[in-house]
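This report concerns only the one structure given below.
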Amino acid sequence: MKDIIAPINSDDGLFHDGDPAGDVRGTVLYAQWLNAMQGAVIDTQTEHKHILAAAGMQPNPAQNNQLAEAIQGLIAQARQENEKRSLLKKNNGSDIPDKAAFVAHLGLKNTVEQAQNALDKRTGGTVNGRLQITHSVNVGDSDSGLIANGKGSVALYANNVKTGEWNTERLHWVKNLEVGGNLTASGGATFGKAVSLFGGGHLTDILHFYGRGQNGNEKRSGECRYYPYPGQPMSTEFYGVDVVGALLNKSEICDDFLPIRAIVT
């Protein structure tokens, strides 16, 4: 585009009419200024034609708003191209071409991976690593399940009733404990209260009972041997046991029956 042409060469840079009666000459139009004016007009028309061509239009002498239409069309094209390369508010991020890279640039990659591997509370899932729960695991409702019972201790609750607990020292069951199969104590079993056996059972080692007799605090103990199978004696020791029932013959009960108190009914 050509630069702006210089004003006409007059005292004030303006055109003036002549006055023959007053011997006043009009502004002289020199070839230099006329050529500059002609060049400016041609240059401007050329610029306009380039705008029309960019908009895919041809000059039409019968239309005097082509330049405006061409500019509006070019603006619309530029907006469309810009939308292809830019994120639009109305799309809410759906127009991000590489969403993984976008998340990584925001520093949220680990957060997204953790969310993808998190348990869905609607469907559940599998925990492959260590799971630490600082308070409770509820099953069914908020008052049943495993609840923290102090440092190193866990309690089992059912309907807000404590039914058992365990820690590094012991497993304590508050309510009744029912075992459908065999109960095996590899290191020996100790019973602090009364023990009742129903439906028979098998003793594979010495069974100790600790308690007091019904009529005193004296210590009484003894050892019974019986032969449930030929050639396979079984030894049983008793401590502070009262036998209630019909007194059998000594040889039918045990070899050393004297320390045991027998109550005959």
Side-chain angles (χ1 to χ4, degrees), residues 110-226 228 234-246 253-254 259-265:
N110 291 337
T111 302
V112 173
E113 291 177 350
Q114 291 174 3
Q116 291 174 343
N117 296 322
L119 295 181
D120 189 338
K121 66 179 182 180
R122 300 166 299 179
T123 59
T126 301
V127 178
N128 297 320
R130 179 174 178 266
L131 177 62
Q132 180 177 357
I133 300 175
T134 59
H135 182 260
S136 64
V137 178
N138 300 115
V139 181
D141 51 32
S142 60
D143 58 7
S144 298
L146 303 177
I147 300 178
N149 194 48
K151 184 175 178 57
S153 179
V154 179
L156 178 63
Y157 277 77
N159 290 331
N160 206 31
V161 176
K162 183 177 180 180
T163 59
E165 64 176 319
W166 71 86
N167 51 41
T168 57
E169 299 294 333
R170 64 173 186 166
L171 169 62
H172 176 57
W173 206 258
V174 180
K175 301 297 182 178
N176 295 332
L177 176 63
E178 179 179 347
V179 180
N182 295 328
L183 177 61
T184 303
S186 59
T190 301
F191 299 89
K193 293 186 177 181
V195 177
S196 300
L197 301 177
F198 300 92
H202 298 280
L203 301 178
T204 58
D205 205 336
I206 298 177
L207 177 64
H208 300 274
F209 292 87
Y210 300 90
R212 296 181 303 174
Q214 291 184 351
N215 296 326
N217 296 327
E218 67 275 15
K219 295 181 180 179
R220 296 185 295 276
S221 63
E223 180 179 305
C224 288
R225 295 183 180 274
Y226 60 99
M234 182 173 291
S235 176
T236 303
E237 295 181 357
F238 297 91
Y239 297 87
V241 177
D242 291 320
V243 180
V244 180
I253 300 178
C254 55
I260 299 179
R261 179 184 177 86
I263 301 178
V264 182
T265 60

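- Among residues two or more places apart in sequence or in another chain, the side-chain contact (heavy atoms from CB on, under 4.5 Å) test is passed with Ser153 by Asn149, Glu165, Asn167.
- Applying the salt bridge (charged side-chain N to carboxylate O under 4.0 Å, His left out) rule to Arg130 yields no partners; only residues at least two apart in sequence or on another chain are considered.
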Acceptor/donor pairs from residues 138-147 side chains to any protein atom, 3.5 angstrom cut, sequence neighbours excluded:
residue	atom	partner	partner atom	Å
Asn138	OD1	Ser136	OG	3.4
Asn138	ND2	Ser142	O	3.0
Asp141	OD1	Asp143	N	3.4
Asp141	OD1	Ser144	N	3.2
Asp141	OD1	Ser144	OG	3.1
Ser144	OG	Asn159	N	2.9

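- Checked against side chain to side chain donor-acceptor pair (under 3.5 Å), Arg170 has no partners two or more places apart in sequence or in another chain.
- For Ile133, the side-chain contact (heavy atoms from CB on, under 4.5 Å) partners are Leu131, Val137, not counting sequence neighbours.
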